[in-house]
Amino acid sequence: MGDKIPLERIDDNRWRIPRRYNDAMNVPGIVYADNELLEMILNDNALQQVANVATLPGIVGHSLGMPDIHWGYGFPVGGVAATDAESGVVSPGGIGFDINCGVRLLATDLLRDQIKGSVDRLADELYRNLPSGVGGDGMRLLNEAEMREVMVRGAEWAVDEGYGTAADLEVTEENGRLAGARPEAVSRQAILRGMKQLGSLGSGNHFCEVQVVDHIYDEKAAEALGLAQKGQVVVTIHCGSRGFGHQVAEDYIKLAESKQQQYGFNLVDRQLACLPLQSEEGQAYLGAMACGANFAWANRQLLMHGVRQAFASVFGRKARPKDMPMVYDVCHNIAKMEEYKIDGEMKRVCVHRKGATRAFPAGHPAVPEKYRAVGQPVLIPGDMGRYSFMLVGAPGSMEQSFGSCCHGAGRRLSRTAAKKAVGSKQLIEMLENKGVTIRVHSKNLLAEEAPQAYKDAQQVVNVVHNAGLAQLVVRLKPMIVVKG
DNA sequence: ATGTTC
């Protein structure tokens, strides 16, 4: 610990942490970064966590760090690790506290100029329709039977209840319903928290943004995604499983910690606490995690419904989903059982994506048919002052990164450092000057999410693009930000 | 991220 980590340069976008760094490493580490991003990464010690993850029992391939990597609980945020399905483990900290934190993007048939005169009304209406704030209740209070349905059926339940349409499910990762959910593996406490919070944004870096297509990198892919018009208005929702997923994570992190000795795991960091995939506890975690994932998909489905209603009300028309078609919903905090070729042999593995987005290439059967020729949409939110991106998965992700790429800009300053760097009043002024209208639940927390607190998302996506993990399609600029 | 110190 604390030793200088030896880094070997592979090429302009890749660095290797060799196994010789630490006897306990079962595989080397690989980090994706250009020179400038690497400097920032070295500042917060996240590479130590990449090396730590490489010591997990049954890890295969490489312990991976994406260009938006930063310090997290046990695993770095922006980390990917695959463990052998037979001999490996699942580490709840390797998924993170916000199970199925993810991003959803809706297109609209409106252009920037058509909404210019209605920005304040639209911002107010979105803010009114999307409950937010720490500990905030959601749009829909659930009874226990409904909560069970949400845990098992996710967004599919929401559609049956009238929030959106079946077409939305076709463009949601896992169709908004991850198999293997086990409500009986979820604590009472988690269920009670979840029953109050469905259809809420929460706080932190979660948001709903109205954005404009600002630059098109790939006409053909943009056309396939329905984002081919410069100036087109779109809406991004970034949110997860709220207090429900948080409680599931906390419960299983505690359980895993209590079992480390029994399983003979002597890990370099107790936050890596893990459970054998073939154990009852490991399977219970995956079943509970699926409940968390499904809750998050239902949550984003309700939030999207609120967005469609807000637009309909402001623009005086019916809330027809076909006027605001959903483009895609992708998760960036989850573990998935998938198969990859490792050392020339197909292997079933548990892919931990923590602050990492699935990025399946064209032709992959899990990519919705309408996008199959271009690849799975990859949504990368940036910061609220600059821009966000839409990419599609590229073949390199299957060869290098277990079908994964980055998830966002990545934090550059800690929350406390960010608050020191900028005041919220000053920040709101700065955003308004840039043409970004903001509605925020807690002004106090806003500075933590200031653009200065984040790396430049453009730099981050350039690295995954150049490394062949995903391909740039469009860039989006924020117009309205609604936050917790 | 988070009923932000169960």
Side-chain angles (χ1 to χ4, degrees), chain A residues 44 46 49 68-79 91-104 130-138 141-142 147 186-208 237-255 257-258 271 288-289 291-293 295-297 299-300 303 331-335 352-357 381 383-384 407-419 424 440-450 453-454 483-484:
Chain A
D44 96 338
Q49 293 190 313
D68 50 341
I69 189 173
H70 59 96
W71 186 265
Y73 182 93
F75 281 53
V77 176
S91 174
I95 286 82
F97 280 92
D98 192 3
I99 294 166
N100 190 3
C101 185
V103 194
R104 172 174 296 218
L130 307 175
S132 65
V134 178
D137 290 351
L141 304 185
L142 303 175
M147 183 64 197
V186 175
S187 72
R188 181 88 201 133
Q189 202 182 358
I191 287 170
L192 290 172
R193 285 178 78 170
M195 284 163 62
K196 296 186 291 189
Q197 294 190 318
L198 194 71
S200 63
L201 265 180
S203 182
N205 65 1
H206 289 164
F207 62 78
C208 170
I237 296 166
H238 175 217
C239 188
S241 51
R242 306 282 286 101
F244 177 64
H246 194 276
Q247 190 63 51
V248 169
E250 189 185 319
D251 292 341
Y252 279 91
I253 285 170
K254 273 191 190 139
L255 174 74
E257 278 182 350
S258 76
Q271 294 185 351
M289 182 208 71
C291 292
F295 185 92
W297 274 312
N299 190 30
R300 293 197 286 275
L303 290 167
C331 162
H332 52 230
N333 279 5
I334 204 160
H352 297 64
R353 295 192 183 97
K354 178 177 180 180
T357 310
D383 63 74
M384 58 177 130
H407 86 305
R411 221 169 234 296
R412 192 168 72 83
L413 301 178
S414 72
R415 290 178 180 279
T416 24
K419 271 202 265 204
S424 62
V440 59
H441 189 100
S442 161
K443 286 199 173 131
N444 226 352
L445 298 176
L446 187 66
E448 297 182 359
E449 301 303 324
Y454 286 91
K483 287 185 67 65

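Within every chain, numbering begins at 1; the chains are lettered A, B, ... in the order of the sequence lines, protein sequences first and strands thereafter.
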Novice: A/S203 near the nucleic acid: base, sugar-phosphate alone, or nothing, with a heavy-atom cut-off under 4.0 Å?
Specialist: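 Result for A/S203 = sugar-phosphate.
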Novice: Measure the distance from NZ on A/K254 to C1' on B/dT2 and round it to the nearest whole Å.
Specialist: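 So the NZ-C1' distance, A/K254 to B/dT2, works out to 13 Å.
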Novice: For A/E449 and A/R411, what are the C-alpha separation, side-chain angles and deciding distance, and is it a side-chain contact (heavy atoms from CB on, under 4.5 Å)?
Specialist: CA-CA 9 Å; A/E449 301 303 324; A/R411 221 169 234 296; 3.0 Å; yes
Novice: Could you tell me how far apart A/N100 (CG) and B/dT2 (P) are, to the nearest whole angstrom?
Specialist: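 Rounded to the whole Å, the gap is 13 Å.
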Novice: Starting at the 5' end of DNA chain B, which residue's closest nucleotide do you reach first, A/E250 or A/G202?
Specialist: A/G202
Novice: Quick one: A/H206 NE2 to B/dT2 C1', roughly how many Å, whole number?
Specialist: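 Taking atom C1' of B/dT2 as the reference, NE2 of A/H206 is at 10 Å.
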Novice: Tell me which pairs pass salt bridge (Lys or Arg N to Asp or Glu O under 4.0 Å) where either residue lies in residues 238-252 of chain A, with sequence neighbours left out.
Specialist: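 Output for this query lists A/E250-A/K254.
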Novice: At under 4.0 Å between heavy atoms, what does A/G240 touch on the DNA or RNA strands: base, sugar-phosphate, or nothing?
Specialist: nothing
Novice: A/R242 side chain N/O closer than 4.0 Å to the phosphate oxygens (OP1, OP2) of B/dT2?
Specialist: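 Answer is yes, contact under 4.0 Å.
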Novice: Starting from P on B/dT2, measure out to OH on A/Y73 and report it in whole angstrom.
Specialist: 17 Å
Novice: Grab the CD-P distance between A/E449 and B/dT2 for me, whole Å please.
Specialist: 10 Å
Novice: What is the separation between atom CZ on A/R415 and atom P on B/dT5, rounded to the nearest whole Å?
Specialist: 12 Å
Novice: What class does the angle between the rings of A/F295 and A/F244 fall in, given that below 30° is parallel, 30 to 60° is tilted and above 60° is perpendicular?
Specialist: tilted
Novice: In whole Å, I'd like the distance from the CG atom of A/L192 to the P atom of B/dC6.
Specialist: 17 Å
Novice: In whole Å, what is the span from the CZ atom of A/R188 to the P atom of B/dC6?
Specialist: 21 Å
Novice: Categorize A/Q197 for me: base, sugar-phosphate, or nothing, with a 4.0 angstrom heavy-atom threshold over every strand shown.
Specialist: sugar-phosphate
Novice: Using the side-chain hydrogen bond (donor to acceptor under 3.5 Å, both in side chains) criterion, which residues pair with A/D68? Sequence neighbours excluded.
Specialist: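 Residues passing side-chain hydrogen bond (donor to acceptor under 3.5 Å, both in side chains) with A/D68: A/H407.
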